[in-house]
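For the numbers below, each heavy atom of this structure counts, side chains included, while hydrogens, waters and symmetry mates do not. Residue numbers begin at 1 in each chain, while the letters A, B, ... track the order of the sequences.
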There are 2 protein chains.
Amino acid sequence: METLSERKKRILHAVVASHIKTADPVGSRTVARTYRMGLSSATIRNEMADLEEMGYLEQPHTSAGRIPSQKGYRYYVDHLMTESKLSEEEELNIYRSLNAEKMREIEQIIVHAVKVLASVTKQTSLIMGPQFQKSTFQQMRILPLDEKRGLVVLITDSGFIKNKVIKLNQSLSPMELQQVVSYLNQKLYGLSIDQVTTTLINELKRDLFRRLEILEQAFILLEESLREEQQARVYLGGTTNILSQPEFKSVEKIHRMLSLFEQESLLFEILEKNLTEDDSIVVKIGTENEYEGIHECSLITATYKIKDRVLGTIGVLGPTRMDYRWIIAVLRCLVDKLNRTLSSGL
Amino acid sequence: METLSERKKRILHAVVASHIKTADPVGSRTVARTYRMGLSSATIRNEMADLEEMGYLEQPHTSAGRIPSQKGYRYYVDHLMTESKLSEEEELNIYRSLNAEKMREIEQIIVHAVKVLASVTKQTSLIMGPQFQKSTFQQMRILPLDEKRGLVVLITDSGFIKNKVIKLNQSLSPMELQQVVSYLNQKLYGLSIDQVTTTLINELKRDLFRRLEILEQAFILLEESLREEQQARVYLGGTTNILSQPEFKSVEKIHRMLSLFEQESLLFEILEKNLTEDDSIVVKIGTENEYEGIHECSLITATYKIKDRVLGTIGVLGPTRMDYRWIIAVLRCLVDKLNRTLSSGL
DNA sequence: TGTTAGCACTCGAAGGCAAGGAGTGCTAAC
DNA sequence: GTTAGCACTCCTTGCCTTCGAGTGCTAACA
């Protein structure tokens with residue numbers, strides 16, 4: 001990437017800032033006046049023509065002002081934008097709404113967090129639920145409900161609790177159940193759910209069958225229950241916020257976006273691509289996103305964790321024209337708070 | 001309601017049918033030609049003018065055709081529409097998609113059903129989840145997880161299983177827990193969740209405290225967990241389907257509808273108003289709905305049940321111009337199947 | 001050599017206008 | 001009571017004009 005003269009930088013910055021604010025193409029006059037460059041509009045016009053040639057700006061049509069290109073936004077995010085701190089008030093606002101209810105389970109906390117993020121940013125926000133597959137087995141219980149049914153409860157280290165009613169085709173004595181369960185707990189403790197493969201289960205099954213042949217049905221169902229949640233869930237907040245954005249005023253565009261929001265697995269893939277191991281915030285602008293349905297959008301994400309173990313990705317999706325600086329600050333603040341809640345909470 | 005001449009009925013029927021199909025205002029020519037009345041357009045014109053005066057039809061503007069008024073739709077639904085059976089193919093289609101996965105828990109079945117309903121009807125569909133409050137207590141278990149935490153599992157007769165992790169501020173011996181739990185089960189069995197009031201809980205608490213003073217915390221949390229799900233959930237399907245409807249082509253209308261879809265408690269109220277005890281299907285047209293946000297919509301609902309106990313309401317929401325006849329048939333078929341699945345399944 | 005004022009030019013948005021067409025209401029004849 | 005005929009209404013569509021914001025270029029200026 002070429003280096004830009006100081007003056008070009010200032011002008012590019014001004015164009016980006018103005019366009020983020022107003023959503024209109026910005027002309028040389030506006031830059032000269034509103035941003036007090038100490039230069040005439042004609043000079044700025046020349047510079048803007050240069051910036052366009054270099055690919056940082058583009059013109060919707062000849063007689064309109066300029067808008068930042070994707071490259072322009074990228075330059076802004078990488079070199080021009082200063083990190084901003086939220087005002088005390090904004091920060092308090094986020095803290096307060098996250099504390100609003102005492103929540104005990106991880107899923108509730110997450111769903112709540114994504115709603116808060118959406119309502120603060122006025123954009124659509126998404127969060128990848130904690131990845132069940134990656135969490136490690138802590139303990140399993142089988143609770144006999146009556147002669148024919150039992151409740152399998154699976155608890156993992158990240159506070160995940162899964163349960164499932166299973167049918168048992170033969171009645172089991174509590175003793176027998178107890179035996180099976182403690183055996184399983186012993187064998188599985190500390191493994192990640194990923195590691196509990198079908199082969200491992202088969203092994204255990206063989207092992208157990210020597211002693212107890214009655215559990216076939218129970219096992220099939222246990223296996224099923226593990227396989228089922230193959231993929232973490234994605235929760236959304238503020239999906240209707242895109243309707244207020246001027247770039248989504250056509251019904252087809254809205255349709256495309258909302259249909260995307262209904263495809264959980266696609267959202268998951270998109271978010272997964274932004275998963276990082278460190279604390280950085282990832283900004284993907286326009287076509288930098290691999291899924292072409294959001295080539296006119298930007299996605300800003302961060303990872304959230306529980307005691308240094310990365311759980312998933314949370315982020316904001318909006319038009320490329322979004323207030324990167326502010327949203328990054330909000331996201332940082334919210335993730336910080338979320339991490340602390342999760343790590344202390346459970 | 002006045003009685004209409006046979007001829008007026010036929011014309012009204014034709015207008016409604018044509019408008020449902022095309023979404024355009026229908027003129028006298030169209031009625032005469034397409035529906036082979038054996039009358040000239042002029043005659044029909046006169047009749048239509050009468051029907052307008054009587055309030056069954058209305059004109060968007062002078063030189064347009066007529067569209068059915070709300071009163072017109074009502075008359076159609078009450079007197080003109082014949083009940084239709086689905087074709088074998090359609091019926092099979094519904095059956096097949098409902099059987100697609102073997103589902104064990106009531107919530108999954110319901111969520112799946114509402115999706116199927118939406119995709120078949122190409123409208124938005126909603127279902128009120130089984131009302132936790134109305135189901136009766138079957139059994140409760142407390143599963144100690146470690147010294148500090150326990151898992152409360154609550155099982156009701158409609159197959160509802162609720163669980164919640166609680167913190168215990170003092171360690172409990174399994175014996176002690178066992179005692180409390182069996183006492184509670186004995187006292188609460190067969191009561192509806194509604195009936196488990198705070199006062200009853202307090203009574204039990206007092207009773208128990210004489211013996212075990214350590215459980216205060218556990219009790220507070222149990223109470224909380226009961227209170228929490230005050231209101232059944234509402235699940236939606238095909239929310240984006242309204243975007244394909246010509247009556248929702250303006251962004252503001254879409255916005256209003258989608259915002260409504262985010263307000264679960266409002267949806268619940270709307271559905272609750274349609275709850276009946278019998279097997280009838282309820283049709284609310286336009287302003288017959290109390291919530292004014294859907295005064296341009298119609299809502300068709302049925303109740304679903306498990307072994308003759310009403311669980312909740314399932315329905316279709318769409319523009320007043322919808323194919324009542326067909327949608328009622330679909331709904332009937334689906335609810336029938338759903339009831340059987342629920343009653344046999346668990 | 002860089003900056004600025006001036007000016008012609010471009011192009012979209014908005015408004016007005018006429019033509020076209022679907023449908024009506026009325027009247028008079030059957 | 002029914003129908004053909006006709007004038008009338010009013011929306012839709014396309015076309016044209018005007019308006020204005022903004023540009024690029026040129027020539028003059030510091």
Handout entry: Test applied, side chain to side chain contact (heavy atoms under 4.5 Å, CB included); reference residue, B/Ser97; option that passes from B/Leu92, B/Val116, B/Leu334
Key =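 The passing option is B/Val116.
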Practice task
Determine the sole option in A/Lys253, A/Glu296, A/Glu247 for which the side chain to side chain contact (heavy atoms under 4.5 Å, CB included) test with A/Pro319 is passed.
Solution key: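 Only one option passes, and that is A/Glu247.
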Exercise for the section: Please list all pairs passing the side chain to side chain donor-acceptor pair (under 3.5 Å) test where one or both residues lie in residues 325-335 of chain A, with sequence neighbours left out. Expected result: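 Found A/Thr82-A/Arg325, A/Glu83-A/Arg332, A/Glu90-A/Trp326.
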Practice task
Determine which pairs satisfy side chain to side chain donor-acceptor pair (under 3.5 Å) with at least one residue from residues 282-295 of chain B, sequence neighbours left out, and list them in order.
Solution key: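 Pairs touching residues 282-295 of chain B that pass the test: B/Gln70-B/Thr287, B/Arg74-B/Glu288, B/Asn274-B/Lys284.
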Handout entry: With sequence neighbours excluded, residues passing ring pair (Phe, Tyr, Trp, His ring centres under 6.0 Å) with A/His13
Key =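 Partners of A/His13 under the ring pair (Phe, Tyr, Trp, His ring centres under 6.0 Å) test: A/Tyr76.
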Exercise for the section: Return yes when atom NZ of A/Lys273 has more than 12 non-hydrogen atoms of other residues, nucleotides or ligands closer than 6.0 Å, and no otherwise. Expected result: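 Correct, the count exceeds 12.
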Close N or O pairs between protein and nucleotides 26-30 of chain C (under 3.5 Å):
none

Practice task
Give the ring-plane orientation class for B/Tyr73 versus B/His19, where under 30° counts as parallel, over 60° as perpendicular and anything between as tilted.
Solution key: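 The rings of B/Tyr73 and B/His19 sit tilted, inter-plane angle from 30° to 60°.
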Exercise for the section: Report the end-to-end axis angle of the helix from C/dT1-D/dA30 to C/dC30-D/dG1; each axis comes from five terminal pairs, and the value is rounded to 10°. Expected result: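 Angle reported: 10°, given to the nearest ten degrees.
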Handout entry: Proximity to the side chain of B/Thr30 - top-ranked nucleotide from C/dT4, C/dG23, D/dT3
Key =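 Per side-chain heavy atoms of B/Thr30, the pick is C/dG23.
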Exercise for the section: From the options D/dT3, C/dT4, D/dT23, select the nucleotide whose nearest atom is closest to the side chain of A/Ser28. Expected result: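 Out of D/dT3, C/dT4, D/dT23, the nucleotide with an atom closest to A/Ser28's side chain is D/dT23.
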Handout entry: Of residues 57-66 of chain A, the positions that come close to DNA chain C - non-hydrogen atoms, cut-off under 4.0 Å
Key =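 Per residue number, the list reads A/His61, A/Thr62, A/Ser63.
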Exercise for the section: Check each residue of residues 5-25 of chain B for a non-hydrogen atom within less than 4.0 Å of any atom in DNA chain C, then write out the ones that pass by number, or none. Expected result: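 DNA chain C contact set from residues 5-25 of chain B: none.
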Problem - Shortest non-hydrogen separation from A/Ala14 to A/Val31 and the atoms involved - result: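 Of all heavy-atom pairs spanning A/Ala14 and A/Val31, the closest is CB-CG1, 4.0 Å.
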Exercise for the section: Over all heavy atoms of both residues, which pair between A/Leu117 and A/Gly315 is shortest? Give the atoms and the distance, please. Expected result: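 For A/Leu117 versus A/Gly315, the nearest heavy atoms are CD2-O, 3.7 Å.
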Roughly how many Å is it from [atom1] in [X] to [atom2] in [N], rounded to a whole number?
X: A/Ile44; N: D/dT23; atom1: CD1; atom2: P; result: 10 Å
X: B/Ile67; N: C/dT24; atom1: CD1; atom2: C1'; result: 16 Å
X: B/Glu53; N: C/dT24; atom1: CD; atom2: P; result: 16 Å
X: B/Leu51; N: C/dT24; atom1: CG; atom2: C1'; result: 15 Å
X: B/Arg29; N: D/dG5; atom1: CZ; atom2: P; result: 12 Å
X: A/Glu52; N: D/dT23; atom1: CD; atom2: P; result: 10 Å

Handout entry: Non-hydrogen side-chain atoms of B/Ile294 and B/Ile270 separated by less than 4.5 Å
Key =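 The answer is yes, as the side chains (C-beta and beyond) meet within the 4.5 Å cut-off.
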The criterion is salt bridge (Lys or Arg N to Asp or Glu O under 4.0 Å); which residues satisfy it with [X], sequence neighbours excluded?
X: A/Glu88; result: none
X: A/Lys8; result: A/Glu47, A/Asp50
X: A/Lys21; result: none
X: A/Glu52; result: A/Arg66

Exercise for the section: Answer yes or no: is there a donor N or O on one side and an acceptor on the other, between the side chain of A/Ser259 and the main chain of A/His255, under 3.5 Å? Expected result: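 Yes.
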Practice task
Spell out, as yes or no, whether a donor-acceptor pair under 3.5 Å connects the side chain of B/Ser69 to the backbone of B/Tyr56.
Solution key: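 The answer is yes, because a donor-acceptor pair under 3.5 Å joins these two groups.
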Exercise for the section: List the protein contact pattern of nucleotides 13-18 of chain D with one symbol per nucleotide (5' to 3'): B for base contact, S for sugar-phosphate-only contact, - for none; contact means a heavy-atom distance under 4.0 Å. Expected result: ------
